[in-house]
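Working notes for the structure below.
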Amino acid sequence: DAKTTQPPSMDCAEGRAANLPCNHSTISGNEYVYWYRQIHSQGPQYIIHGLKNNETNEMASLIITEDRKSSTLILPHATLRDTAVYYCIVRNTGNQFYFGTGTSLTVIP
Amino acid sequence: NAGVTQTPKFRILKIGQSMTLQCAQDMNHNYMYWYRQDPGMGLKLIYYSVGAGITDKGEVPNGYNVSRSTTEDFPLRLELAAPSQTSVYFCASSYSIGQNKAFFGQGTRLTVV
């Protein structure tokens, strides 16, 4: 199963874009990259996912490199409510979601 | 739409006691999962199920049992509670086909003393 590597923590100024990196160098060709976030100790919340192409939804954008070994989650205008732990996950072909330790994002006023 | 519902929200157990954590989903998802999350750590997969009557082990299955008699319910059983099982437990569900995403419950905080 592909493992993911993320920086343990990041800060971002309120209103600025938050760019959260993730390395998944052992990803297989048919494995999707998912991003979730966890606010306080609530259940993880789905943000976005992708396979090869860049994706955008109402919450964020996902940029996946051409070799698929890394990706970046972009929160275009971070707010204080975006302070959370962000998890980059590779969903394996068995449809299981394996979490790493995530990035703790702090949005600063 | 309730989504994924976990009960109880909090529980304190004594060492050696047993209990069942309940999980129910109303989205007709065939895949269901149990995770545990220790303080400051990511989620670890305990067990998962691909449909009624089928279960399989995840990363950390020791000390737990599961069953899946219906599509909606996926209970997690602790037979002999140990302090190492103090954790927050999350249940999740998803569709198996397509670009599905997993929906999570709000968790059960379990303390074993």
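The chains referred to below are lettered A, B, ... by the order of the sequence lines, with proteins before strands, and numbering in each begins at 1. Basis for what follows: all heavy atoms, side chains included, without hydrogens, waters or symmetry-related copies. No experiment lies behind these values; they were computed from the predicted model shown.
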Quick one: do W34(B) and V4(B) end up in the same hydrophobic cluster if we chain Ile, Leu, Val, Met, Phe, Trp and Tyr together by side-chain heavy atoms under 4.5 Å apart?
no
Among P44(A), G100(A), G102(A), residue most engaged with chain B (heavy-atom pairs, under 4.5 Å)
P44(A)
For residues F90(B) and G43(A), report the shortest heavy-atom separation together with the two atoms involved.
CE2-CA, 3.4 Å
With a 4.5 angstrom heavy-atom cut-off, could you sort out which part of Q37(B) is near chain A: side chain, backbone, both or neither?
side chain
A quick test of your reading: do over 12 heavy atoms of other residues, nucleotides or ligands sit less than 6.0 Å from CZ of R16(A)?
no
To the nearest 0.5 Å, tell me how far S94(B) OG sits from Y46(A) OH.
12.0 Å
Shared hydrophobic cluster for V112(B) and I46(B) (ILVMFWY, side-chain gaps under 4.5 Å):
yes
If you group Ile, Leu, Val, Met, Phe, Trp and Tyr by side-chain heavy-atom gaps below 4.5 Å, do V107(A) and M59(A) land in one group?
yes
Who wins among Q6(B), K44(B), Q106(B) for the most heavy-atom pairs under 4.5 Å with chain A?
Q106(B)
Hey, what do you get for NE2 (H49(A)) to NZ (K101(B)), rounding to the nearest 0.5 Å?
8.5 Å
Please tell me whether F99(A) and Y35(B) form a close aromatic pair, meaning their ring centres lie under 6.0 Å apart.
yes
Report, in residue-number order, which members of residues 63-72 of chain A are under 4.5 Å from chain B by heavy-atom distance.
none
Identify whether L78(B) and V88(B) are in the same connected component of the hydrophobic contact network (ILVMFWY, side-chain heavy atoms under 4.5 Å).
no
Tell me whether I12(B) at atom CD1 has more than 12 heavy atoms from other residues, nucleotides or ligands lying less than 6.0 Å away.
no
Are the side chains of F97(A) and L45(B) in touch, meaning some heavy atoms are under 4.5 Å apart?
no
Side chain, backbone, both or neither: which part of Q38(A) has a non-hydrogen atom closer than 4.5 Å to chain B?
side chain
Side chain / backbone / both / neither for S104(A) at chain B, heavy atoms under 4.5 Å
neither
When hydrophobic residues are tied together by side-chain contacts of less than 4.5 Å, even through go-betweens, does Y86(A) share a cluster with M10(A)?
yes
Kindly say whether the aromatic ring centers of F104(B) and Y36(A) come within a distance under 6.0 Å.
yes
Quick one: pull up CD1 in I89(A) and CG in L43(B) and give me the separation to the nearest 0.5 Å.
8.0 Å
Please check if any side-chain donor atom of Q96(A) sits under 3.5 Å from a side-chain acceptor atom of Y48(B), or the reverse.
yes
